> 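Structure provided below as structure tokens; questions to follow.
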Amino acid sequence: MIGVEIKKSYEEINSKIREGKAVVVTAEEMPKIVESEGIDGAFRKVDVVTTGTFGTMCSSGAFINIGHTRPRMKASKIWLNNVEAYGGIGAVDCYIGATQVQENDPLNMVHPGTFKYGGGHVIEDLIARKKIRLRAAGYGTDCYPLREFESTITIDDLRNAIMFNPRNSYQNYNCAVNMSEKTIYTYMGILKPDMANASYSSAGQLSPLLNDPYYWTIGAGTRIFLCGAAGSVAWHGTQHAPECKRGRNGIPAEGGGTLAVVGNMKEMDPRFVRGASFTGYGCSIMIGIGIPIPILNRDLAFYTGRSDRDLVCPVVDYGIDYPSGTGTPLGEVSYAELKSGLIEFKGRTVETAPLSSYPMAREIANTLKDWIMRGFTIGVPQSALPTVPRGKNDETR
Amino acid sequence: MKSKNVLLIFNKKIMYKPLIYRLAKDFDVVFNVLEAKILPKLEGRLILELRGEEDSVDSSIDYLMQEGVVVETLVDRIVRDDERCIHCGACTSVCRVDALCIDRSTMKVMFDHEKCVACGMCKIACPVGAMSGASIDLD
Ligand code: SF4
Ligand code: SF4
């Protein structure tokens, strides 16, 4: 990438991977190496650091081509297990979105609704090779006369099933509390009144973009672990915000960057994907992503060597501030504090609970490490993600 | 001494009948109300911790059943589907008795059903539907 100092090249790292000689560690192991061998020592020793995250990522979905029917059909509306997929593209293409709910779901009519089944569940069931009820409707044309079609299919009957998630893998995320007087049901879980609990959702030190805070090694074309298959970064994600608030170490202290990712659903493993239902909020999907960070220079050894102690996130009130779109964060806490189960905040001791799975994030980082040790090479990014220059006073010692 | 957590379901015919006080009076069983919910004109649900000599606890349960109460012993009633659970931890914030809590060394979520009082909150909180079983709420 332009402007990134390369002291150890992609070619050098990839040929080591091909020879089975690359030194690969996870982002959980790296801080200990940096501690014992120093940043320069860690840079010389380690070639690749693997990261991982497994959590709810609402902006996800899949392009599905159901294959041509006989007679042919221009399917303008498509349902999979009674969940509508957007049909306003090519004749038998559609896009199933993770948060779409089943037709006739009672939603929040009786609050809080349960949102039992939606697009995320369809995607999980497809990947698990379960049977899916497919229904399509069209208005009929000279070249596409069929108007209705119904069938039971599995993913193997589909011509294509390509996961394309426009916003995944948020660099960092809020810690949510509720300052209002009633229990609220949010995408950050159930939050009890008067700040009785706090929830957070980042994998912290294992989280992909926290390990490469300025996106020097991650861009369109980067090969990644996506739900158990080899996928790739397609572009920056929606709401990508490199100009976010950063800490003295240059690492985002709030949302920050995002990724659009793509992968072949037919190769994915149901272990690393889950349809999700958030009581009172809606349907979604949990996605597993792992990204390898090639250690091109000593600064990348520094960044990947940061641990939960060095990473912070904003505490945001989901009772009043977030829904109204006003207010400023109530403060900051570190991931080390959050992961201890209790935070000291505003003179109170508040219980914390994660929403993304750290054990799964660890498993993904280890699986990716395994892949690389067996020859999975690093994709050279073909176009960079929008970024900002590194802060002049960034501490990288 | 023995302690047992039970879920009692009273149908509408018997839901206002005074039965519970007799546990103490006739069976010498100490009870502790853990959860209660009344659905008017439908049914009442009560989660009790019963404590006493093994024989007394058992005969008090027999008595309730004779009176038409559905009795479910709660150990093993709320179950976790370990294949489905992804150890996210969302359930730990709603479990008041720490039957679900995180082992900080592995960050895995441990489920101790001995502590569970079947309040059913984890069923509402779990995003992947890993928790199920009889609880104070109608399923
Ligand atoms: S039902 Fe769930 S939340 Fe309630 S006590 Fe048992 S484990 Fe905890
Ligand atoms: S909320 Fe569900 S998936 Fe998450 S740890 Fe609890 S039981 Fe497991």
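Please read all numbers here as calculations on a predicted model, not as lab measurements. Values below: all heavy atoms of this structure, side chains included; hydrogens, waters and symmetry mates excluded.
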> Let me know if A:Lys192 has heavy atoms under 4.5 Å from chain B in its side chain, its backbone, both or neither.
side chain
> Do A:Lys339 and B:Met107 pass the side chain to side chain contact (heavy atoms under 4.5 Å, CB included) test, and can you show the C-alpha distance, the side-chain angles, and the key distance before you say yes or no?
CA-CA 8 Å; A:Lys339 282 183 191 162; B:Met107 290 304 281; 3.9 Å; yes
> Taking atom CG of B:Asp112 as the centre, does the number of heavy atoms from other residues, nucleotides or ligands within less than 6.0 Å exceed 12?
yes
> For B:Cys126, which atoms come within 4.5 Å of any heavy atom of chain A: side chain, backbone, both, or neither?
backbone
> Heavy-atom distance under 4.5 Å to chain B: side chain of A:Thr114, backbone, both or neither?
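No part of A:Thr114 comes within 4.5 Å of chain B.
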> Please round to the nearest 0.5 Å and tell me the distance separating atom NZ of B:Lys108 and atom OG of A:Ser357.
8.5 Å
> Identify which part of A:Phe272 has an atom lying under 4.5 Å from any heavy atom of chain B, answering side chain, backbone, both or neither.
neither
> Quick check for you: to the nearest 0.5 Å, what is the distance between A:Tyr358 atom OH and B:Cys88 atom SG?
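Going from OH on A:Tyr358 over to SG on B:Cys88, the span is 15.5 Å.
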> Give a yes or no on this: more than 12 heavy atoms of other residues, nucleotides or ligands lie within 6.0 Å of atom CD of B:Glu67.
yes
> Quick one: what part of A:Phe115 sits under 4.5 Å from any heavy atom of chain B, side chain, backbone, both or neither?
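No part of it gets close to chain B.
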> To the nearest 0.5 Å, tell me how far B:Thr92 OG1 sits from A:Leu355 CG.
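Answer rounded to 0.5 Å: 9.0 Å.
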> Which of the residues B:Met121, B:His87, B:Arg104 is involved in the greatest number of heavy-atom pairs with chain A at under 4.5 angstrom?
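The residue among B:Met121, B:His87, B:Arg104 with the greatest pair count is B:Arg104.
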> Counting only heavy atoms not in A:Arg129, do more than 12 fall under 6.0 Å of its CZ?
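Atom CZ in A:Arg129 is crowded, with more than 12 foreign heavy atoms closer than 6.0 Å.
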> Within the supplied structure, the quantity of interest is the number of heavy atoms (other residues, nucleotides, ligands) at a distance under 6.0 Å from A:Arg167 CZ; does it exceed 12?
yes
> Go through A:Ser201, A:Gly189, A:Gly120, A:Gly275 and name the one with the most non-hydrogen pairs under 4.5 angstrom from chain B.
A:Gly275
> Is B:Arg84 salt-bridged to A:Glu124, going by a charged N under 4.0 Å from an acidic O?
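Looking at B:Arg84 and A:Glu124, the cut-off is met.
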> Any idea which of A:Ser199, A:Ala361, A:Gly341, A:Cys283 has the most non-hydrogen atom pairs under 4.5 angstrom with chain B?
A:Gly341
> Could you tell me which portion of A:Met286 (side chain, backbone, both or neither) has an atom closer than 4.5 angstrom to a non-hydrogen atom of chain B?
side chain
> Can you name the nearest heavy-atom pair linking A:Thr279 to B:Ile124, along with the distance?
OG1-O, 2.5 Å
> More than 12 heavy atoms of other residues, nucleotides or ligands under 6.0 Å from NZ of A:Lys130: is that the case?
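Result for NZ/A:Lys130: open.
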> For B:Ile86, is it the side chain, the backbone, both or neither that has a heavy atom under 4.5 Å from a heavy atom of chain A?
both
> Which residue out of A:Pro354, A:Gly280, A:Pro112 racks up the most heavy-atom pairs below 4.5 Å with chain B?
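Of A:Pro354, A:Gly280, A:Pro112, A:Pro354 has the most heavy-atom pairs under 4.5 Å with chain B.
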> Do you know which two heavy atoms are closest between B:Thr106 and A:Arg362, and how far apart they sit?
O-NH1, 3.1 Å
> Answer whether the closest heavy-atom distance between the side chains of B:Ser93 and A:Asn197 falls below 4.5 Å.
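In contact.
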